[in-house]
Amino acid sequence: MRGKNSFQPHERIRRSADFQRVKNAGKRAKTRHFGLNIIPNDLEYHRLGLVVQKRFWCAVKRNRIKRVIREWFRLDKAQIPMPPKDIVIIARPGAEKMNPVELRAEFLPVFGKQDGTH
RNA sequence: GAAGCAGGGCAGAUGAUCGCCGCCGGCGCGAUGAGUGCCGGGGGAGGAAAGUCCGGGCUCCACAGGGCAGGGUGCUGGGUAACUCCCAGUCUCGGUAACGAGGAGGAAAGCGCAACAGAAAGCAGACCGCCUCGCCCGCUUGCGAGCGGGGUAAGGGUGAAACGGCGAGGUAAGAGCUCACCGGUCCCGAUGGUGACAUCGGGAGCCAGGCAAACCCCACCCGGAGCAAGACCAAAUAGGAGAGCGAUUGAGGGCCGCCCGCCCGAGGCUCUCGGGUUGGUCGCUUGAUCCAGCCGGUAACGGCUGGGCUAGAGGAAUGAUCAUCACCCCCGCGGCCCUUGGGCUUCGAGGGGAACAGAACCCGGCUUAUGACCUGCUUCGGAU
RNA sequence: GUCCCCAUCGUCUAGUCCGGUCCAGGACACCGGCCUUUCACGCCGGCGACGCCGGUUCAAAUCCGGCUGGGGACG
């Protein structure tokens, strides 16, 4: 087995239909720099999808945002409460200045509140 | 020391941990396959990867053919696969200089353009002025005022631009009208250079410019699309509806601007609508390649020999954390110079910063963005 | 990734091909005044733009380069 902190291809949302399902039917949350859509899936693990629009940033900054979010998911996915979910994160202007520590602090309340609901 | 000019390479390094994407080897599941998981090894963005502004390779459009249209280039010679690129040179312009910039063919081939101002703006032009003649008036009798005819481009004023400059002669006043010198234009000759051109000598004449980065003429170049090119495999739906046309005397299609020419060509062809798929493999990285040495060349570059090649993704991989060492700035302490203030420098136990920016078929350039450093040169200032 | 197109007052636009008539015209909006008891309508006046940087030219919104910012198409 790989380490539990890995991020493998099947944990990634790729298909356009999956993005549409999460966006239309999922619960929405909003933080200072991101929008999140979340919906439970039928699998045994969480999945992550990223939306970083081309119109706001150049290629280097887009890659930077996606890497930092994936780094968060890789390290903290065990903390996400258990019915497995599809999570789509939409970056908003200002997100390119986030470092991993700030990002973790920003996402913590979102999933902490979820824990309390059930 | 200050300011500036030109050129050069670099794009933080090392280690640890957790991860990502290909490749190779081994093992497991599976059917010996397709896949998939684990372990090990090795690799993984740039000088601009960018803008997509030029030029090629490659692929398809029959074979890439002719003409027109359209587009591009534009001093000379060389380099190159090719170029709007590079190198060397010529001329012009800018700069005190080092050096830099130049789309630098043609306006006595054509159609044209020049607002406003000004008298006049394209085979120039009399508003004021200057000179002269005629008429008339005044008087101090050769001067003044007015009107009219003529001569004149020296002077004034306008303009972006007004047809050489200056001196002498000449004249009623003037004028290249004539002459000397200077400047430019054109023609002829000599010398140097492959050539652009330069230098020198002689002559003509001062009849006359600018805009081609609007059209145009001349010379040369360019067929069109683009890896979402293109080739193959698998799956799935349908085997439809409408319109147009047609059989060798040629419907229609291809060569994606048009014509010629060529080719394919029939119980089918084309267009539109409707329906299905939203997969995989190849192309896909060894190439006009990079490094070193020698040779030819002023150089760009070329030749030979030896060696190296390890990104090839596909909703798109290089990241995070920590430590140490280098670089820069601030701060603190010490030393020196010294006019309160400031400058230079050693040390560190502190704090902060480190640019522009991410391959998408591949190369050669251009342009734009950007960090710290090194070397050479120029001008000015100081010291010797 | 590749290939195209566009940019003028706060908004919609004319002028760009073929340079000067343009310190850029019009409509709506905004501001001030007149009319009206007041508002609206109407009339008069004002404010206000050639995306940016170079070049050619006597002269550039217009011609030629280079940037910047938008928009579109493509199996």
Among B:C20, B:G319, B:G358, which is the nearest nucleotide to the side chain of A:S6?
->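 For the A:S6 side chain, the nearest candidate turns out to be B:C20.
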Which nucleotide in the list C:G1, B:C18, B:G358 gets nearest to the side chain of A:K54?
->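 The answer is C:G1, which lies nearest to the side chain.
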A:R64 side chain near B:A320 phosphate (N/O to OP1/OP2, under 4.0 Å) =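 Yes, such a contact exists.
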Pairing nucleotide - [N], Watson-Crick or G-U, each distance under 3.5 Å:
N: B:C344; value: B:G335
N: B:C147; value: B:G134
N: B:A241; value: B:U272
N: B:G15; value: B:C322
N: B:C29; value: B:G35

Calculate the interatomic distance between [X] atom [atom1] and [N] atom [atom2]; express it in whole Å.
X: A:L75; N: B:G19; atom1: CG; atom2: C1'; value: 8 Å
X: A:F73; N: B:C18; atom1: CZ; atom2: P; value: 20 Å
X: A:E11; N: B:G19; atom1: CD; atom2: P; value: 12 Å

Closest non-hydrogen atom pair, A:I87 against A:I13 |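 In this case the closest contact between A:I87 and A:I13 is O-CD1, 3.9 Å.
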For the pair A:E106 (side chain) and A:H33 (backbone), establish whether a donor and an acceptor sit closer than 3.5 Å, ignoring hydrogens and angles.
->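 Yes.
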Pairing residues for A:F56 by the ring pair (Phe, Tyr, Trp, His ring centres under 6.0 Å) criterion, not counting sequence neighbours =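 Checked A:F56 against ring pair (Phe, Tyr, Trp, His ring centres under 6.0 Å); zero matches.
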B/S/- along nucleotides 312-317 of chain B (protein heavy atoms under 4.0 Å) is ---BSS
A:R47: partners by salt bridge (Lys or Arg N to Asp or Glu O under 4.0 Å), with sequence neighbours left out |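 Counting only residues at least two positions away or on another chain, A:R47 forms a salt bridge (Lys or Arg N to Asp or Glu O under 4.0 Å) with A:D18, A:D86.
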Would you please name every residue forming a salt bridge (Lys or Arg N to Asp or Glu O under 4.0 Å) with A:R92, sequence neighbours left out?
->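 Once residues adjacent in sequence are excluded, A:R92 has no partner under the salt bridge (Lys or Arg N to Asp or Glu O under 4.0 Å) criterion.
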side-chain contact (heavy atoms from CB on, under 4.5 Å) involving A:V51 - partner list, sequence neighbours excluded =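 A:F19, A:V88, A:I90.
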Contacts of type side-chain contact (heavy atoms from CB on, under 4.5 Å), residue A:R28, not counting sequence neighbours =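 Per chain and number, A:R28 pairs via side-chain contact (heavy atoms from CB on, under 4.5 Å) with A:N37.
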Taking syn as any angle within 90 degrees of 0 and anti as the rest, which one fits C:U13?
->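 Judged by the O4'-C1' to base torsion, C:U13 sits in anti, the angle falling more than 90° away from 0.
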Is there a donor and acceptor pair closer than 3.5 Å between the side chain of A:R74 and the base of B:C18?
->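 Checked by distance alone, the answer is yes.
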